[in-house]
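Order of the sequence lines fixes the chain letters, A, B, ..., with proteins taken first and strands second; residue numbering starts at 1 for each chain.
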Amino acid sequence: MEFSTSGAPHLPAQTRVNKIMLQVLLALIPGTLAMTWFFGIGVLLQIILAIVFALALEWAMLKLRGRPPGLALRDYSAVTTAVLFALCIPPLAPWWISLIGMIFAIAIAKHLYGGLGNNVFNPAMVGYVVVLIAFPLELTRWLPPTELATSIPSILQSLQAVFFGNLPAPLNWDAVSQATPLDVLKDGVEQNLLISEIRQSPIFGDYGGHGWEWVANFFALGGLWLLWRRVISWHVPVAILATVIFLTLPAWLYDPSVNPVPLQHIFSGALVLGAFFIATDPVTGCASRRGKLIFGLGVALITLSIRLWGGYPDGLAFAVLIMNMFAPLIDRYTIPRAYGQPK
Amino acid sequence: MLAPIGTYLHSFPGGLKLKHYKAMSCQQSLPVPRLPLSAEYVIPVSQHSGSEDKLIVTVGQKVLKGTAFSSSEQATGAAIHAPTSGLITAIEARPVPHQSGLKALCVIMEADGEDRWAEMNPCPDYQELTATELITQVRAAGIVGLGGAVFPTATKLAGTEKIHTLILNGAECEPYIACDEILMQQAPEKIIQGAQILCEILAIPQAIIAIEDPMENCQKSLDKAILQAGAEALIKVVKVPMLYPEGGERQLVQVLTGEEVPAGGLPLSLGLLVQNVATVAAISDAIIHGKPLLERIVTVTGNGIVAPQNMVASFGTPISELVDFCGGYTPSIARLIMGGPLMGLALNSDSLPLIKASNCILGLSSADVSSTQPEFPCINCGFCVSVCPAGLLPQTLQTMIRSENFSALEPLHLEACIECGCCDYVCPSHIPLVNYFRYGKDQLQQLAIDKQKSTLARERYELREQRLEKQQTERRARHQKRKQALAGSADKQTSIAAAVARAKAKKQQPEGSDS
Ligand code: SF4
Ligand code: SF4
């Protein structure tokens, strides 16, 4: 009897790219729901919008590049990029922010660099940084957590804000939007206020920003689930979180009146989301375990530097992009020792 | 000082926890059945990873069971023998189970049905043998590593290093394969005896048998056999945790000793001799009974086989006969594999002969095999890195091999890849990594050969250039001399006078001033 042959191994593969991406998306659900709870329906609106743009662009780019789009559309990588981007922008940002962000993320950062697996920069962060620099006004219009808000936009009002860029009377941007805890912190420090004074603001919660800290908790929950499922390895998140703690702890111990407690650093801004979901993007990260540790260390260092001395209240996106540039170099110097090579 | 090997276990990086499916073929009562005589046997001349052997039989010759077909004076050879008595009908190239898919020289033999043994040379008093005699007999018996690597055993024994521990590898870690497990239950005394022979003759002070955690029955039977042989002081059974590819020689050494076999070296350089349990049993047969290696226990299993079981079968038997003995194929049969599902070789036909490396014949059903899904680009997820027992970066290796960037492979140590398939199995992009690595290794080998050739050529060229140049300068010097000789005879006197004057002047100068 004759048989068809193939190279070893002969077992069916354990998993598939789309399953990996799907698990990442699942892990984002708790944090996303928490964010919707605190910041309103706009969060979901942005996610849907970004996904639609991302898929359309992915399809168009694959067509342009002469690739069959069916397969790639089902790998969920564009969806993951879209969701991560959407979670970074204010819930009531106008629709074209999402479109421009996705053009830079999907069309430029991903496909012009050769598509899935070949991109050098984290697509979601490229999209985010472009809109952050180009449209600072729209990108700072964050909402306060609903419990602190004086007026909460309804679904319809949110839709109007997103699609027409204006708020129906009697709402106006000044009343609706509020600076993020990191903005407040940065401004306060620049005005030489003491941490205790800054933290008087109701925007702060127990250790991070009010609401924000809960969002971070739920993202961390999703991240831990990914770790447990071994979809991501522990190296990048642990390196980031450990570096932040080690660097901010001495400062806080030395003078807690001007230096925020380490937990405040971790639970505000995008640090938790970044540590588990953004800096762990495999394609643009490092290959070896040691490389991943260095990558995480770098992300944390740059994020903190930008928070302390830079012009932006949060620096995670820049940090990830800068470390993306260094990843190939790190890879070159962190080749692990192979079996049987001298120690 | 003895290293307390096996007292503490170590670990190796990576690896996979796999379902082992061994019970599928182990439901039978012992001893396992012997496959009935076949009508025709096809015996490949080279069945090991050593050098070619010289054939010493001819077409038309009648041979008895156990007659040697080849002689192997070379250090890395291993003889082949007649699996039964009969007539040699042809010596020609036939398809054999091999990675290359090429034909290879085979001895084709017609059985006469009598199965008559040739005269043998038993040696029950093995204590009297010298190491050299032992090695010669092992080589003459055609014994090779039966774990699948088919490295000639005599070559492994012939090292000059001092061996302090014999490790018997019974940690059959690949799913489905159960032949060693069966052997350890069915004939533990042979294994123990083989170990005693090796230890005695090679003056090895201790031996351990490594088995996997779930092999409870093997532990019992081995312990009993050790007790009966009075070898408690010499041989110890050690259980190692079940993790693929722990049965790999290098990984087993690492688990038992915590040390790594140096790159390019053998466990021998750590004072270890690692042998598969079936190999050691074959040594016992060869020395005590004078029987060459003619047969082995084979696991015939998988969802594509009607009645999976283990059996004793002779080398050269068509694989189809083993399958028929198990009731044939189920309708879902999709792939036939020699070896295990991770490192085995997919066979294109069941008419190929059984060889020494055939520890398992695995019939996988269509549900068991990977459906050929399209490959995705590598997403650098690092799953492959986390399972690689050799500590490599499979994703970087495959990028370099794909872009034919072979010079970049050197610091990545492709040669350390044991082709275990762990990376391939976990890759979410379904990249055939092992295929790439095999290709890469072939290319590197080719490059090395080319480089050697070109170095040789360059050296030859340079030598020639040097020679030519030397001839040229010599010729010029000769010319010069002759010219001088012709011109110089006239003013020789004056030149001598000038030289004398120069020497005088030099003497008068204060010392050191001319430096
Ligand atoms: S497992 Fe596959 S996709 Fe992941 S890094 Fe390795 S080669 Fe790339
Ligand atoms: S096949 Fe090679 S590279 Fe892949 S896991 Fe095994 S040793 Fe590592």
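The contact between A:L116 and chain B is made by backbone and side chain atoms together, counting heavy-atom distances below 4.5 Å. Only the side chain of B:F383 comes within less than 4.5 Å of a heavy atom of chain A; its backbone N, CA, C and O stay farther away. In this structure, the portions of B:S429 lying under 4.5 Å from any heavy atom of chain A include both its backbone and its side chain. Contact annotation for A:K19: neither backbone nor side-chain heavy atoms come within less than 4.5 Å of a heavy atom of chain B. For B:E259, the part lying under 4.5 angstrom from a heavy atom of chain A is the backbone only. For B:L342, the parts lying under 4.5 angstrom from a heavy atom of chain A are both the backbone and the side chain. Both the backbone and the side chain of A:S4 come within less than 4.5 Å of a heavy atom in chain B.
For the options B:A416, B:G382, B:S386, heavy-atom pairs under 4.5 Å to chain A are most numerous at B:S386. Counting heavy-atom pairs under 4.5 Å between each of B:G421, B:C417, B:P13, B:P432 and chain A puts B:G421 at the top.
Using a 4.5 Å heavy-atom threshold, the side chains of A:E2 and B:S349 count as touching. Looking at A:Y339 and B:V261, their side chains come closer than 4.5 Å, going by heavy atoms from C-beta outward. The side-chain heavy atoms of A:M1 and B:I333, taken from C-beta on, include a pair separated by under 4.5 Å.
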Side-chain polar contacts of residues 54-73 of chain A - donor-acceptor pairs under 3.5 angstrom, sequence neighbours left out - could you list them?
| unit_1 | atom_1 | unit_2 | atom_2 | d |
| --- | --- | --- | --- | --- |
| A:E58 | OE1 | A:K110 | NZ | 3.1 |
| A:E58 | OE1 | A:H111 | NE2 | 3.2 |
| A:E58 | OE2 | A:K110 | NZ | 3.2 |
| A:R65 | NH1 | A:H111 | ND1 | 2.9 |
| A:R65 | NH2 | A:G114 | O | 3.2 |

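Within residues 218-231 of chain A, the residues having any heavy atom closer than 4.5 Å to a heavy atom of chain B are A:R230, A:V231, listed by residue number.
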side-chain contact (heavy atoms from CB on, under 4.5 Å) evaluation trace for A:F3 with B:L347: CA-CA 7 Å; A:F3 296 92; B:L347 304 176; 5.9 Å; no
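At least one donor-acceptor pair closer than 3.5 Å links the side chain of B:H430 to the backbone N or O of A:T15.
Atom CG of A:D331 is separated from atom CG of B:N380 by 7.0 Å, given to the nearest 0.5 angstrom.
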